[in-house]
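Numbered from 1 within each chain, the chains take letters A, B, ... in sequence-line order.
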Number of protein chains: 2
Amino acid sequence: MNNETYSGHSAAEIVGITYRQLDYWASTNLIRPSAADASGSGSRRRYTYKDLLELKVIKKMLDAGIKLPKIRDVFAYMRDHVGTEIASAHIVIDGNSVILCDGDNLVDVLRHGQGVLNVLPLTGVREEVDNRIVSLSDRIRETEERVRAEAERAEESARLARESRGTAQGDA
Amino acid sequence: MNNETYSGHSAAEIVGITYRQLDYWASTNLIRPSAADASGSGSRRRYTYKDLLELKVIKKMLDAGIKLPKIRDVFAYMRDHVGTEIASAHIVIDGNSVILCDGDNLVDVLRHGQGVLNVLPLTGVREEVDNRIVSLSDRIRETEERVRAEAERAEESARLARESRGTAQGDA
DNA sequence: CCGGGTAACTACACGGGTGTAAGACGCTAC
DNA sequence: GTAGCGTCTTACACCCGTGTAGTTACCCGG
């Protein structure tokens with residue numbers, strides 16, 4: 001299990017949304033960071049891995065053209081009905097209720113549905129989030145290395161400058 | 001097949017939407033009346049039965065929390081890909097494409113989907129529209145009868161008034 | 001031909017979700 | 001302690017879909 005926590009901007013970057021969205025969703029109670037919530041200017045939100053998964057689900061639903069109010073309903077429903085851990089293979093939204101399926105019963109559920117059903121396969125979600133996490137941490141590592149190399153180079157040229165001043169002092 | 005055409009208000013009434021919505025959808029090109037489009041103030045839109053079915057589909061998608069832009073995409077796609085007559089049992093929206101299924105292939109489609117799938121069973125649509133049509137025409141007939149009865153009663157009392165005036169004229 | 005009714009059109013308001021920019025605050029390094 | 005940076009917060013504006021109200025134009029009956 002992944003016990004890292006992620007900043008707001010990292011989380012947004014990982015799941016592919018804007019910071020504005022993340023912020024709005026937090027302040028309107030769609031999804032708040034589980035590890036650390038905001039408490040005024042300067043405080044820091046920390047999102048857990050599970051939060052990232054939920055964010056990604058929201059993002060996917062949004063991409064599928066589902067309205068935010070509906071998404072709010074879905075998450076409210078899932079939180080009311082505890083034990084709705086995202087471990088299944090599919091989330092199926094049927095009118096006002098949400099069903100978790102793992103492949104076999106999926107067919108039955110679909111047969112009975114009379115309204116519009118929204119079927120969201122979770123398999124891709126975890127993968128995609130994981131991939132973005134590694135590519136993000138890769139980018140961070142690269143950046144750090146580049147910064148360090150830069151610092152070293154600056155240090156080196158400073159040393160050279162000192163030496164040249166030592167050999168040819170007062171050349172101007 | 002139903003060859004009637006329906007006014008804007010009737011259509012709205014039948015499919016369960018507001019006239020404002022119908023109007024907006026027509027003016028923004030989501031769905032225009034096939035039988036007669038508007039041509040300025042005072043003109044009359046006429047919707048065909050098929051239009052009603054499409055309107056009902058839109059209504060159902062809306063109820064399912066799907067955003068209007070997405071619905072526009074779906075209908076644009078269906079109109080581009082001619083031969084997309086609504087005869088199948090299900091409409092499945094998979095990302096940018098729309099698939100029509102009739103029960104058997106539905107399962108396969110769902111297995112392969114990686115994004116969110118919106119599954120809309122058409123079975124109910126026709127029924128519901130038909131029911132609303134008959135209940136609407138019932139109401140119209142009732143209203144007409146009530147109006148006629150009212151007129152008769154008025155006629156009757158007018159006759160009585162004439163008679164009484166004839167027997168006791170100048171009683172004031 | 002004219003008056004009333006109906007329906008389309010226009011205009012305005014409003015709420016939700018998002019973009020953008022500026023302000024406020026805490027943390028860390030020096 | 002103070003400078004700077006990252007972050008949350010606030011403020012404003014915009015677009016879309018819809019509600020509401022008033023205006024315009026056609027149609028039909030007299």
With a 4.5 Å limit on heavy-atom distance, are the side chains of A:Leu30 and A:Ile58 in contact?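 Of all side-chain heavy-atom pairs linking A:Ile58 with A:Leu30, at least one is under 4.5 Å.
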Residues within residues 22-31 of chain A bordering DNA chain C, heavy-atom distance below 4.0 Å: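 Contacts with DNA chain C under 4.0 Å: A:Tyr24, A:Trp25.
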Check whether any side-chain N or O of A:Arg45 sits under 3.5 Å from a backbone N or O of A:Ala26 as a donor-acceptor pair, and report yes or no.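 Looks like no, no N/O pair under 3.5 Å.
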Using atom types as modelled and distance alone, determine if a side-chain donor or acceptor of A:Lys60 lies under 3.5 Å from a backbone N or O of A:Val125.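 No, the answer is negative, given that no donor and acceptor are paired below the 3.5 Å cut-off.
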Length of the line joining [X]:[atom1] and [N]:[atom2], which is rounded to integer Å:
| X | N | atom1 | atom2 | value |
| --- | --- | --- | --- | --- |
| B:Arg46 | D:dC27 | CZ | P | 13 Å |
| B:Gln21 | D:dT20 | CD | C1' | 14 Å |
| A:Ile71 | C:dG16 | CD1 | P | 16 Å |
| A:Tyr19 | D:dT10 | OH | P | 12 Å |
| A:Leu68 | C:dG17 | CG | C1' | 7 Å |

Salt bridge (Lys or Arg N to Asp or Glu O under 4.0 Å) with A:Glu54: which of A:Lys59, A:Arg32, A:Arg79?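 Result for salt bridge (Lys or Arg N to Asp or Glu O under 4.0 Å) with A:Glu54: A:Arg79.
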Using heavy-atom distances to pick each residue's nearest nucleotide on DNA chain C, tell me which of B:Ser7 and B:Lys67 is more 5'.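 So the residue in question is B:Ser7.
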At under 4.0 Å between heavy atoms, what does B:Arg72 touch on the DNA or RNA strands: base, sugar-phosphate, or nothing?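 Sugar-phosphate, no base atom in range.
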Only one of A:Tyr24, A:Trp25, A:Tyr19 forms a side-chain contact (heavy atoms from CB on, under 4.5 Å) with A:Gln21, so which one is it?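 Of the listed options, the one satisfying the test is A:Trp25.
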What protein N or O atoms touch nucleotides 22-25 of chain D N or O atoms at under 3.5 angstrom, if any, and at what distances?
residue : atom : partner : partner atom : Å
D:dT24  : O2   : B:Ser41 : OG           : 3.3
D:dA25  : O3'  : B:Ser41 : O            : 3.2

Using the side-chain contact (heavy atoms from CB on, under 4.5 Å) rule, take A:Ile14 and A:Tyr47 through it: C-alpha gap first, then chi angles, then the decisive distance, then the call. CA-CA 11 Å; A:Ile14 290 169; A:Tyr47 288 87; over 6 Å; no
To the nearest 0.5 Å, tell me how far A:Leu22 CG sits from A:Glu13 CD.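 If we round to the nearest 0.5 Å, A:Leu22:CG and A:Glu13:CD are 12.0 Å apart.
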Just do the side-chain contact (heavy atoms from CB on, under 4.5 Å) check on A:Ile66 and A:Val74 with the steps written out, would you? CA-CA 11 Å; A:Ile66 299 178; A:Val74 171; over 6 Å; no
Establish whether the base of D:dT20 is bridged to the side chain of B:Arg20 by a donor-acceptor pair shorter than 3.5 Å.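 Check passes, donor-acceptor contact within cut-off.
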Below the 4.0 Å mark, does D:dT9 have OP1 or OP2 next to a side-chain nitrogen or oxygen of A:Arg45?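 So the side-chain polar atoms of A:Arg45 do come within 4.0 Å of the phosphate oxygens OP1 or OP2 of D:dT9, strictly under.
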Any chance CG of B:Asp138 has more than 12 other-residue heavy atoms, nucleotides or ligands included, within less than 6.0 Å?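 Yes.
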